[in-house]
There are 2 protein chains.
Amino acid sequence: MEQILPHLDSVFSIDCVLFGFDGKELKILLIERNEEPFKDWWALPGNIVGPDESLDQSASRILYELTGLRGIYMEQYYAFGDPNRHPQGRVITLAYYALIRLGGDKELRPISTYAKRANWLPITDLPKLAFDHQKIYDKGLEKIKRRIKHQPIAFELLPEKFTLTQLQHVYELVLGKKLDKRNFRKKIVSFGVLKELDEKQKGVSYRAATLYRFDKRKYAKLFGKEISF
Amino acid sequence: MEQILPHLDSVFSIDCVLFGFDGKELKILLIERNEEPFKDWWALPGNIVGPDESLDQSASRILYELTGLRGIYMEQYYAFGDPNRHPQGRVITLAYYALIRLGGDKELRPISTYAKRANWLPITDLPKLAFDHQKIYDKGLEKIKRRIKHQPIAFELLPEKFTLTQLQHVYELVLGKKLDKRNFRKKIVSFGVLKELDEKQKGVSYRAATLYRFDKRKYAKLFGKEISF
DNA sequence: AATATAGTGTGTATTTTTTACACTAAGTAA
DNA sequence: TTACTTAGTGTAAAAAATACACACTATATT
């Protein structure tokens, strides 16, 4: 990320917008900086790309160092390189978004020196961000809004087994609008990529909902056709 | 200058896929390299990002140096940074696509040392490309295929005044499939972003078609709503 | 045992959008 | 005048999107 002093002509970094869903809210992971510039500000996690890493590997590493998680769905979406975006010199940064199912807080790890702490904060109430990170975040949200309409990325935010209501909830949070329950179900089921399980939700104090699983095989077979919300 | 971190000296470049439409075919601009590596191979035009340029400025400059044109529609779409993509070391490259209306060959200029010559080649018959440029091109085409469905980019490939048949032709070439004439017209007109002119096509040896113009104002007013093909 | 509570799960009618499809009109060239 | 070439147009059928309300079921409470 931005903690390096770039006297060299161009420093190349990766910044990540980690979207997490805890069953209730959509959150992103922010770190509180411990170094100038922007000491004490909230910022997106990021780091410098290593010499022998591919870009995707680098993004995975950054995420692993921060959360201890591997195999997370990530995608590159935009490069930000305004010469003035970093007060200490030229830093070109490549933005990734990642999608994570949150369960408790077990994912967070002790983190590197440039950050005091890291926190999952709901996207409905974000603080001012360091550098041009607001712009990076905005573009990331916009990106997943588009993506979720055509690609099966919602499942990355949910546990392996989920209810249709939970799935609808994810769509509503990402798209930022209410959806009709009956129409949503009709449509999502019609894609034919969900497997209905012989299992019900547990631990709720009301009628338990049927659990579903995303069926990757069926989805793979569907290629050529696009799903569309 | 002392190098604190060895991986900071990665080279950062921009490569461009310039799509051009001459009324008949969709073409891209390729240069024939005059230097190793890949001497005598065809490659996408590109260059190093200057220290005080924004990324978009850099892309515009590269395009200007090559064609003498300014104000061309360009868009960044992906960063390629495999450690092995360049035989002589780490080069991270950011890909842009650009859309250009071709008229005659006046656009091409004498070009820089690393290229022997530049040529517009039809996308239906491309040669082997240097480096990972085939991958970059593929992704660029894919990108404009998606883009043309939702954004008014087709007009960038056409002269200011155009016929509906020409417009349809652009869509067909980009999407790679035939469209129904009546349905195409119905739909494109229903978006309400075309202005029908009191003017006809000239110099054709058959019935002249009505000319249209893309109406940016109407399009701007339409924001929120999305056009969709 | 009865009742309250909270979320699950389902169908239909209407409107809108998409698709498939073929002929006449207009202008030019011979 | 005729032949040629492209422009321009409408409709019916199918598919998809929308709007909308109530009974069911599991648990918690009394």
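Sequence lines set the chain letters: A, B, ... in the order given, protein chains first and strands last, and positions in each chain run from 1.
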Rounded to whole Å, OH of Tyr206(B) lies from C1' of dG8(D) at a distance of 14 Å

Give a yes/no verdict on a cation-pi contact between Arg33(B) and Phe38(B), requiring under 6.0 Å between NZ or CZ and the six-membered ring centre and an angle within 45° of the axis. no

Rounded to whole Å, how long is the line connecting atom NZ of Lys181(B) with atom P of dT5(D)? 15 Å

Between dA7(D) and Arg207(B), counting only base atoms on the nucleotide and side-chain atoms on the residue, is there a donor-acceptor pair under 3.5 Å? yes

Are side-chain heavy atoms of Leu55(A) and Asp82(B) found at a separation under 4.5 Å? no

Side-chain contact check for Asp180(B): nearest option of dC21(C), dT5(D), dA19(D) is dC21(C)

Report yes if the side chains of Tyr137(A) and Leu141(A) come closer than 4.5 Å at any heavy-atom pair, otherwise no. yes

Base dT18(D) to side chain Lys186(A), donor-acceptor N/O within 3.5 Å cut-off: yes

dG9(C) phosphate, OP1 or OP2, under 4.0 Å from Thr210(A) side-chain N/O: yes

Using atom CG of Leu211(A) as one end and atom C1' of dT8(C) as the other, report the distance to the nearest whole Å. 13 Å

Is any side-chain heavy atom of Leu30(A) less than 4.5 Å from a side-chain heavy atom of Pro127(A)? yes

Indicate whether OP1 or OP2 belonging to dA17(D) is found under 4.0 Å from a side-chain N or O atom of Lys187(A). yes

In whole angstrom, what separates Leu164(A)'s CG from dG7(C)'s C1'? 13 Å

Length of the line joining Tyr212(A):OH and dT8(C):P, which is rounded to integer Å: 12 Å

Against the side chain of Asn183(A), the closest entry in dG11(C), dT9(D), dT19(C) is dG11(C)

Answer yes or no: does a side-chain N or O of Thr165(B) lie under 4.0 Å from OP1 or OP2 of dA7(D)? yes

Nearest-nucleotide wise, let me know which of Gln201(B) and Ala208(A) is further upstream toward the 5' end of DNA chain D. Gln201(B)

Measure CZ/Phe184(B) against P/dG8(D) and give the value in whole Å, please. 13 Å

With nearest nucleotide decided by heavy atoms, which residue, Ser228(A) or Lys200(B), maps closer to the 5′ end of DNA chain D? Lys200(B)

Scan Thr163(A) against the nucleic acid and name what it touches under 4.0 Å (heavy atoms): base, sugar-phosphate only, or nothing. nothing

Gln168(B) has an atom CD; how far is it from atom P of dG8(D), in whole Å? 12 Å

Nucleotide dG8(D), atom P - distance to CG of Leu194(B) in whole Å: 13 Å

Report yes if a donor N or O on one partner sits less than 3.5 Å from an acceptor N or O on the other, where the partners are the side chain of Arg182(A) and the base of dA21(D); otherwise report no. yes

Please walk me through it: do Thr210(B) and Lys200(B) pass side-chain hydrogen bond (donor to acceptor under 3.5 Å, both in side chains)? CA-CA 5 Å; Thr210(B) 303; Lys200(B) 302 266 167 184; 3.2 Å; yes

